[in-house]
Amino acid sequence: MPNTSERSGDCLWLDRQEVLIASLRAQPLVVVLRSEHDDLEGSSSKASLFAVFEQLHLLGVRHVELAWSPHPGWMSLMKEVQKCFAGLCLGAASISCPAGLQSVAELGLAYAMTSYWDPDLHQKAREMHQLLVPGVFTPTEIQQAYRCGCRLVKLFPASVLGIDYWRQLAGPMDSLPFVIAAGGLTVQDFIPWLNAGYDAVALGRGLVQQGQLDPALQAYLKPPATTA
C-alpha cells in the first residue's frame with residue numbers, strides 16, 4: 001500500500017492535470033515556440049523571440065510552450081521569459097529525457113509535453129509530481145497512457161492522422177482522454193479540428209513569419225461583436 005506522501009503526491013499530479021484541462025477548456029489553444037541558437041547564447045537577437053511572446057500576450061493567448069533544449073542557456077532564457085510574462089501559462093515542449101524534466105521542475109513550469117509515449121519518462125514525471133503530457137499516435141499508445149493515469153494526451157503528428165482520426169476512435173474505444181491535436185496544423189485548422197472533436201489544438205511552425213504572428217490568429221481570439 002502506498003504511503004501517505006505517495007498518495008498526496010499522486011493527488012498533486014492528478015490535480016495539475018485537471019487544472020490544465022480546465023484552462024484549456026476556457027481557451028483550447030496552445031502555441032509552441034522554438035528558440036534559435038543565438039537566443040540560447042544570450043545574443044541581443046533574442047529580442048525577436050520576446051517580441052513574439054509580447055504579441056501573444058497582447059492577444060490574450062494563455063498557453064505558450066518553449067521547446068526544451070539541453071543547451072545551458074535554455075534555463076536562463078526561460079527564467080527571463082517567466083519574469084517578463086508572468087501572466088502566461090508557460091510550459092516546455094519536446095521533453096525527451098530526465099534532464100529535461102528536471103529543468104521543468106526547477107523552473108516550476110505549469111506543464112511539459114513530449115512528442116511520443118515513453119512509459120519510463122512518464123513514471124519519472126509522476127514520481128516528481130510533474131505534469132508531463134505524453135505524445136501518442138496509435139490506439140494502443142492512447143490506451144496505455146490513459147490506463148497509466150494520463151487524463152490528457154497530445155495526438156502527434158495530428159496532420160498525418162487526419163481530422164477524422166479521433167472521431168473514428170470514439171466508437172470502438174470505451175473512453176478517451178482529453179486530447180490536444182498537435183503537429184502540422186495551421187491557424188486555418190483551428191476551428192475545424194475543434195469542431196471535429198479535438199479538445200484543444202497546438203500551433204507551432206508557420207504561425208510566425210518574419211517575426212509576426214499569422215493575422216488570422218487574432219480573428220479567432222477576438223470575441224465577436226455584439227449588437228445592441
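Since this is a predicted model, take the numbers as computed values, not measurements. FYI, side chains are in, hydrogens and waters are out, and symmetry mates aren't considered; it's all heavy atoms of this structure.
Hydrophobic cluster membership is shared by V31 and M78, with clusters built from Ile, Leu, Val, Met, Phe, Trp and Tyr side chains linked at under 4.5 angstrom. A single hydrophobic cluster is not seen to contain both L109 and L24; linkage of ILVMFWY side chains at heavy-atom distances under 4.5 Å, directly or through other members, places them apart. Connection of F178 to F190 is not established within any shared hydrophobic cluster, with ILVMFWY side chains joined at heavy-atom distances below 4.5 Å, either directly or through further cluster members. Taken together through direct or relayed side-chain contacts under 4.5 Å among Ile, Leu, Val, Met, Phe, Trp and Tyr, M128 and L132 form part of one hydrophobic cluster. No chain of hydrophobic side-chain contacts below 4.5 Å, direct or via other Ile, Leu, Val, Met, Phe, Trp or Tyr residues, connects V153 to I21.
Taking both residues in full, the closest heavy atoms of W13 and G149 are given as CH2-O, 3.4 Å, listed atom of the first, atom of the second, then distance. Nearest heavy-atom pair across E41 and H71 is OE2-NE2, 2.9 Å. Residues L176 and A170 share a closest heavy-atom pair of CD1-CA, 3.8 Å. Across all their heavy atoms, R126 and C148 have their closest contact at NH1-O, 2.6 Å. When every heavy atom of V133 is checked against every heavy atom of K154, the shortest pair comes out as CG1-N, 3.8 Å. In terms of heavy atoms, A125 sits closest to L101 at N-CD1, 3.7 Å.
Within the 4.5 Å cutoff, the side chain of L152 has no heavy atoms near those of the P177 side chain. Within the 4.5 Å cutoff, no side-chain heavy atoms of V201 are placed close to those of D189. Contact annotation: the side chain of C89 never approaches that of V64 to less than 4.5 Å [non-hydrogen atoms, C-beta and beyond]. Here the side chains of V136 and Q144 are not in contact, with every heavy-atom distance at 4.5 Å or above. At least one side-chain heavy atom of F85 sits under 4.5 Å from a side-chain heavy atom of E54. Residues L33 and L56 have side chains in contact (heavy-atom distance under 4.5 Å, counting atoms from C-beta outward). Residues Y220 and I191 form a side-chain contact, since some pair of their non-hydrogen atoms from C-beta on lies under 4.5 Å apart. A 4.5 Å side-chain heavy-atom check between K124 and D120 finds every atom pair outside the cut-off.
The structure places NE2 of H129 at 11.5 Å from CG of L14, a figure rounded to the nearest 0.5 Å. L121 contributes atom CG, which lies 7.5 Å from atom OG of S96 (distance to the nearest 0.5 angstrom). Note that the SG atom of C150 and the CG atom of L131 stand 9.0 Å from one another [nearest 0.5 Å]. Here the CG-CG distance, from L58 to L221, works out to 12.0 Å after rounding to the nearest 0.5 Å. With rounding to the nearest 0.5 Å, the separation of CD in Q212 from OG in S48 is 11.0 Å. For the atom pair CD (Q130) and CD (Q102), the distance works out to 9.5 Å, reported to the nearest 0.5 Å.
With hydrogens and angles ignored, the 3.5 Å screen pairs no side-chain donor or acceptor of D214 with any backbone N or O of L207. Of the possible donor and acceptor atoms, none in the side chain of S115 sits under 3.5 Å from a partner among the backbone N and O of S94. No side-chain donor-acceptor contact under 3.5 Å links Y165 to the backbone of V160. Panel note: side chain R167, backbone G197; no donor-acceptor pair is recorded below 3.5 Å. Between the side chain of E141 and the backbone N or O of W117 there is no donor-acceptor pair closer than 3.5 Å. Distance alone, capped at 3.5 Å, is enough to place a donor-acceptor pair between the Q143 side chain and the S175 backbone. Counting only distance, with no hydrogens or angles, the side chain of E80 and the backbone of F50 share no donor-acceptor pair below 3.5 Å. A side-chain donor-acceptor contact under 3.5 Å links Q55 to the backbone of L213.
Checking each of E18, R62, H63 against S23 for a side chain to side chain donor-acceptor pair (under 3.5 Å) leaves exactly one that passes, namely H63. Checking V81, V208, D38, L77 one by one against L49, the side chain to side chain contact (heavy atoms under 4.5 Å, CB included) holds for a single residue, L77.
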Evaluate L90 against L107 for side-chain contact (heavy atoms from CB on, under 4.5 Å), listing each step before the verdict.
CA-CA 10 Å; L90 293 169; L107 289 166; over 6 Å; no
Decide yes or no on side-chain contact (heavy atoms from CB on, under 4.5 Å) for I180 and M113, but give the supporting numbers first.
CA-CA 11 Å; I180 303 166; M113 292 195 189; 3.4 Å; yes
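Crowding of Q123 atom CD: a count of heavy atoms from other residues, nucleotides or ligands under 6.0 Å exceeding 12.
Taking the six-membered ring where the residue is Trp, W166 and Y198 present tilted rings, their angle falling between 30° and 60°. Using bins of under 30°, 30° to 60° and over 60° for the plane-to-plane angle, the ring pair W68/W74 lands in the perpendicular bin.
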